[in-house]
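Working notes, structure below.
Just so you know, these numbers come straight off a predicted model, no measurement behind them.
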Amino acid sequence: MPTAESILSTPGGVASAVIGCFLCWSIFYYTLCIINGRKSFQWNCRLVTLIHAFVSVFLACYSAFVVGPLPFNYTGKPNSNLTTWILAISLGYFIFDVMWCVFFNTEGRVMVVHHLVSIYGLLLGLVLGESGAEITATLAGSEVSNPLLQLRWFLYELNLQHTKLARINEFTFGLTFLVVRLGPGTALCYCTLSSTNVQLSVKAAGIAFYAVSISMAWQIIWFLKRKHTAVREIEHVNDKMK
């Protein structure tokens, strides 16, 4: 019987792993649609997104901080079996999710571009067989704020968007996104671009992903500022009515 390591020993094995992961995410989604049929397709898709965020962040952090080495010191080096599996699992998910988003036309251009750049970066890591450490670290940084984003959507669907919990969640999401992507994310991008071991195609993917992150960060800052102004105005009106 083939082992997890032997599956990834050939390009065909890696491709099979990606296809298998894509099918697993797809089957998981369709299973949710069956057992949770009272909810919308988007509700169930976001549950899949939530699970992927937890899985990818846990595996990437385990790879970086437990198995090692740290991605800042290991850029452009050969992938381990663990990082290869992380890339395959997430690539399978992103292929599923971008197909779902395009079919149902639920996301804006920035999010679709974010997904496509993610697919490009993950695919590069698998095809080249290297730079898995920094790519999986980037994956963790991009997914760590995702559960909060999904919680925001679920609260809106439950008509709880004006609660204190929703406001705290939105602030925490924005803060987490900005701190992680502009802090460690900037440092990792610098390490990747300055490394002589990293291939040009990976550097290009890093620049593209960082540019998308900056664009999303600007949108989040603008949204939080607008939301804060609206809340202050509502509180001012309520004070006058007392």
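Between Arg46 and Glu107 a salt bridge is recorded (basic side-chain N to carboxylate O distance below 4.0 Å).
In this structure a side-chain-to-backbone donor-acceptor pair under 3.5 Å is present from Arg167 to His162. In this structure, the side chain of Arg152 does not engage the main chain of Ala166 through any donor-acceptor pair within 3.5 Å. Looking at Asn44, its side chain never comes within 3.5 Å of a backbone N or O of Tyr29 through a donor-acceptor pair. Of the possible donor and acceptor atoms, none in the side chain of Ser63 sits under 3.5 Å from a partner among the backbone N and O of Leu59. Between the side chain of Trp153 and the backbone N or O of Leu148, no donor-acceptor pair lies under 3.5 Å. The main-chain N or O of Leu139 is found under 3.5 Å from a side-chain atom of Ser142 such that the two form a donor-acceptor pair.
Leu126 and Leu116 fall within the same hydrophobic cluster, where Ile, Leu, Val, Met, Phe, Trp and Tyr residues are linked whenever their side-chain heavy atoms come under 4.5 Å apart, directly or through other members. Under the 4.5 Å side-chain heavy-atom criterion for Ile, Leu, Val, Met, Phe, Trp and Tyr, Val212 and Trp218 are members of distinct hydrophobic clusters.
Atoms SG and NZ, on Cys189 and Lys203 in that order, are 10.5 Å from each other to the nearest 0.5 Å. Separating the CD1 atom in Ile51 from the OG atom in Ser56 is a distance of 11.0 Å, to the nearest 0.5 Å. How far CD of Glu170 is from CG of Leu155: 8.5 Å, rounded to the nearest 0.5 Å. The distance from atom CD of Glu134 to atom NZ of Lys77, rounded to the nearest 0.5 Å, is 10.0 Å. Considering CG of Asn73 and OG of Ser195, their distance stands at 10.5 Å, rounded to 0.5 Å. To the nearest 0.5 Å, atoms CD (Glu157) and NZ (Lys39) are separated by 8.0 Å.
Of all heavy-atom pairs spanning Trp25 and Gly92, the tightest one is CD1-C, 3.8 Å. Heavy-atom minimum distance, Leu188 versus Ala137: CD2-CB, 3.8 Å. Nearest approach of Pro147 to Val144, heavy atoms of both residues: CD-O, 3.6 Å. The minimum heavy-atom distance between Leu124 and Ser201, with the atom names listed, is CD1-O, 3.3 Å. The shortest heavy-atom contact between Asn79 and Thr84 is CB-OG1, 3.4 Å. Across all non-hydrogen atoms, the minimal contact from Asp97 to Cys45 is OD1-SG, 3.5 Å.
Phe209 and His114 have tilted rings, their planes meeting at an angle from 30° to 60° on a 0 to 90° scale.
One side chain, Ser80 or Thr83, offers a donor N or O that lies under 3.5 Å from an acceptor on the other. Looking at Glu130 and Gln199, their side chains do bring a donor and an acceptor atom within 3.5 Å of each other. Tyr93 and Thr49 share a side-chain donor-acceptor pair at under 3.5 Å.
For OH of Tyr62, the number of neighbouring non-hydrogen atoms (other residues, nucleotides, ligands) closer than 6.0 Å is 12 at most.
For the pair Tyr210 and Ile214, the minimum side-chain heavy-atom distance is below 4.5 Å. Side-chain contact between Met99 and Phe22 is present, with heavy atoms from C-beta onward closer than 4.5 Å. Side-chain contact between Val18 and Ile95 is present, with heavy atoms from C-beta onward closer than 4.5 Å. Taking the side chain as every heavy atom from C-beta outward, Ile135 and Leu122 approach each other to under 4.5 Å.
Close placement of the Phe104 and Trp100 rings is indicated, their centers lying within 6.0 Å of each other.
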